Number of protein chains: 2
Amino acid sequence: MKSTENNHSILLHKHGLKVTPLRLAILDVLGRHHSPLTAEEISTKLKDVDFDRATLFRSLKTFNETELIRAIDLGEGFMRYEIVCEKHDHHHHVMCTNCKKIEMIPFCVPPQISNHLLKVGYTNLSHRMDFFGLCSKCS
Amino acid sequence: MKSTENNHSILLHKHGLKVTPLRLAILDVLGRHHSPLTAEEISTKLKDVDFDRATLFRSLKTFNETELIRAIDLGEGFMRYEIVCEKHDHHHHVMCTNCKKIEMIPFCVPPQISNHLLKVGYTNLSHRMDFFGLCSKCS
DNA sequence: TTAGCTGCAAAGTATTTGCAGTGGT
DNA sequence: ACCACTGCAAATACTTTGCAGCTAA
């Protein structure tokens with residue numbers, strides 16, 4: 001058993017989820033990639049595993065709810081999913097509008113905005129911030 | 001003819017679009033509301049007009065492409081649309097996660113981020129930034 | 001007159017659900 | 001053994017498309 005597989009078993013177990021071949025495979029795929037993948041992309045990369053689309057979506061939903069992965073909506077009309085890792089807890093992305101490459105960016109929203117919103121009565125604040133543009137290769 | 005109707009006729013004409021009852025009605029509905037509406041909400045408010053859903057979506061698409069309106073994706077699984085007005089050119093929103101009230105916020109992303117992205121080779125930059133939380137009433 | 005707009009019906013895309021069987025723990 | 005997980009098929013939600021007729025300019 002590879003160590004990543006073992007890690008993922010432990011991870012699943014920790015979150016009270018059962019360890020199945022498909023789930024390990026999904027986490028394996030997500031763990032191998034630094035940028036968020038679509039259900040479609042995950043499917044393609046799961047070529048050695050026999051599985052059903054509905055189950056994939058169900059697993060992704062469960063993983064997202066237990067915060068094992070994070071669902072990301074970049075306005076493409078479908079979701080992307082990335083594995084949650086302590087190193088890159090909360091972060092934002094830039095996406096190339098041409099080649100669709102997605103990178104993390106080391107900045108967050110200005111605290112000024114959250115402060116303003118708290119001041120006018122908002123609570124339980126969260127936010128989304130994404131950038132789009134042509135990457136250096138596509139420019 | 002009401003002055004808003006007249007304004008919208010001129011607006012459509014300016015953008016090279018034909019003036020039809022449905023289009024005037026859509027712009028009328030959007031013009032009356034300060035927060036972005038869904039296709040569903042627009043439909044409901046068009047109760048006096050006889051129209052087809054496909055045509056509504058086609059009009060919204062056309063309006064968005066000609067920048068008469070702006071399509072907004074707040075990650076709800078459907079689009080929202082707001083009329084473009086010079087006063088509030090580019091702006092961002094806060095949405096109450098409970099009552100779905102949407103407000104404009106008078107802040108934009110820090111220039112630091114765009115500068116960083118330009119420095120690493122990105123061009124044609126754009127961005128999205130939205131806040132979510134419980135509004136003062138729902139808190 | 002003639003593009004552009006429209007209604008109708010059907011299709012498309014991403015995701016979800018019901019149900020009965022299987023498999024992890 | 002029990003319940004979470006699974007496959008299969010069908011359904012859902014939002015939006016788009018093809019086509020033929022209509023209408024604003």
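Reminder, nothing fancy here: chain letters follow the sequence lines and each chain counts from 1. Everything numeric in this text was worked out from a predicted model, so none of it was measured. Computation of the quantities below employed the complete heavy-atom set of this structure, encompassing side-chain atoms and omitting hydrogens, waters and symmetry-equivalent molecules.
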**Student:** Report the distance from atom CG of L12(B) to atom P of dG4(C), rounded to the nearest whole Å.
**Tutor:**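 Interatomic distance, CG of L12(B) to P of dG4(C): 15 Å.
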**Student:** Please tell me whether H92(B) and H127(B) form a close aromatic pair, meaning their ring centres lie under 6.0 Å apart.
**Tutor:**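 Between H92(B) and H127(B), the centre distance is under 6.0 Å.
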**Student:** Below 4.0 angstrom from OP1 or OP2 of dG7(D), is there any side-chain N or O of T55(A)?
**Tutor:**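 So the side-chain polar atoms of T55(A) do come within 4.0 Å of the phosphate oxygens OP1 or OP2 of dG7(D), strictly under.
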**Student:** Taking the side chain of D52(B) as its heavy atoms from C-beta onward, which of dG7(C), dC8(D), dT15(C) lies nearest to it?
**Tutor:**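 My answer, after comparing the listed nucleotides, is dG7(C).
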**Student:** Give R58(B) one of three labels, base, sugar-phosphate or nothing, depending on what nucleic acid heavy atoms sit under 4.0 Å from its own.
**Tutor:**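 The answer is base, as R58(B) lies within the cut-off (heavy atoms under 4.0 Å) of a base atom.
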**Student:** Identify which nucleotide among dG7(C), dT15(C), dT23(D) has an atom closest to any side-chain atom of K18(B), counting heavy atoms from C-beta outward.
**Tutor:**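 Looking only at heavy atoms from C-beta outward on K18(B), the closest nucleotide is dT23(D).
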**Student:** In whole angstrom, give the distance that lies between atom CG of L60(B) and atom C1' of dT15(D).
**Tutor:**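 The answer, rounded to whole Å, is 11 Å.
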**Student:** Could you state the atom-to-atom distance from CZ of F63(A) to C1' of dA4(D) in whole Å?
**Tutor:**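 From F63(A) CZ to dA4(D) C1': 13 Å.
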**Student:** Base, sugar-phosphate alone, or nothing: which one does S59(B) contact when heavy atoms must sit under 4.0 Å apart?
**Tutor:**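 Result for S59(B) = sugar-phosphate.
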**Student:** Under a 3.5 Å threshold, yes or no: a donor from one side chain and an acceptor from the other, between H91(B) and E82(B)?
**Tutor:**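 Checked: H91(B)/E82(B) side chains pair up, N/O donor to acceptor below 3.5 Å.
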**Student:** Between C1' on dT6(D) and CZ on R23(A), what's the gap in Å once rounded to a whole number?
**Tutor:**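 Going from CZ in R23(A) over to C1' in dT6(D) covers 10 Å.
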**Student:** Pairing donors with acceptors under 3.5 angstrom, does anything connect the side chains of E103(B) and Y122(A)?
**Tutor:**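 Checked: E103(B)/Y122(A) side chains pair up, N/O donor to acceptor below 3.5 Å.
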**Student:** Which one, dC5(C), dA24(D), dG7(D), comes nearest to the side chain of V19(B)?
**Tutor:**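 When the side chain of V19(B) is considered, dA24(D) is the closest of dC5(C), dA24(D), dG7(D).
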**Student:** Could you check how far CG of L56(B) sits from P of dT15(D), rounded to whole Å?
**Tutor:**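 To the nearest whole Å, that distance equals 10 Å.
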**Student:** If you fit an axis to the five pairs at each end of the helix from dT1(C)-dA25(D) to dT25(C)-dA1(D), how big is the angle between those two axes, to 10 degrees?
**Tutor:**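 If I round to tens, the end axes sit 40° apart.
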**Student:** Quick check for you: among dG24(C), dT15(C), dT15(D), whose closest atom lies nearest to any side-chain atom of F78(A)?
**Tutor:**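 The answer is dT15(C), which lies nearest to the side chain.
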**Student:** Of the options dC5(D), dT15(C), dT6(C), whose atoms approach the side-chain atoms of T20(A) most closely?
**Tutor:**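 Output: dC5(D).
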**Student:** For F131(A) together with H93(A), are the ring centres under 6.0 Å from each other?
**Tutor:**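 No, the ring of H93(A) stays outside the 6.0 Å limit from the ring of F131(A), centre to centre.
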**Student:** I10(B) CD1 to dA25(D) P: how many Å, rounded?
**Tutor:**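 Computing the I10(B):CD1 to dA25(D):P distance gives 13 Å.
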**Student:** Could you state the atom-to-atom distance from CZ of F51(B) to P of dT23(D) in whole Å?
**Tutor:**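 Result: 18 Å.
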**Student:** Taking the nucleotide of DNA chain D with the nearest heavy atom to each, does D50(A) or H13(B) sit closer to the 5' end?
**Tutor:**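 Final value for this comparison: D50(A).
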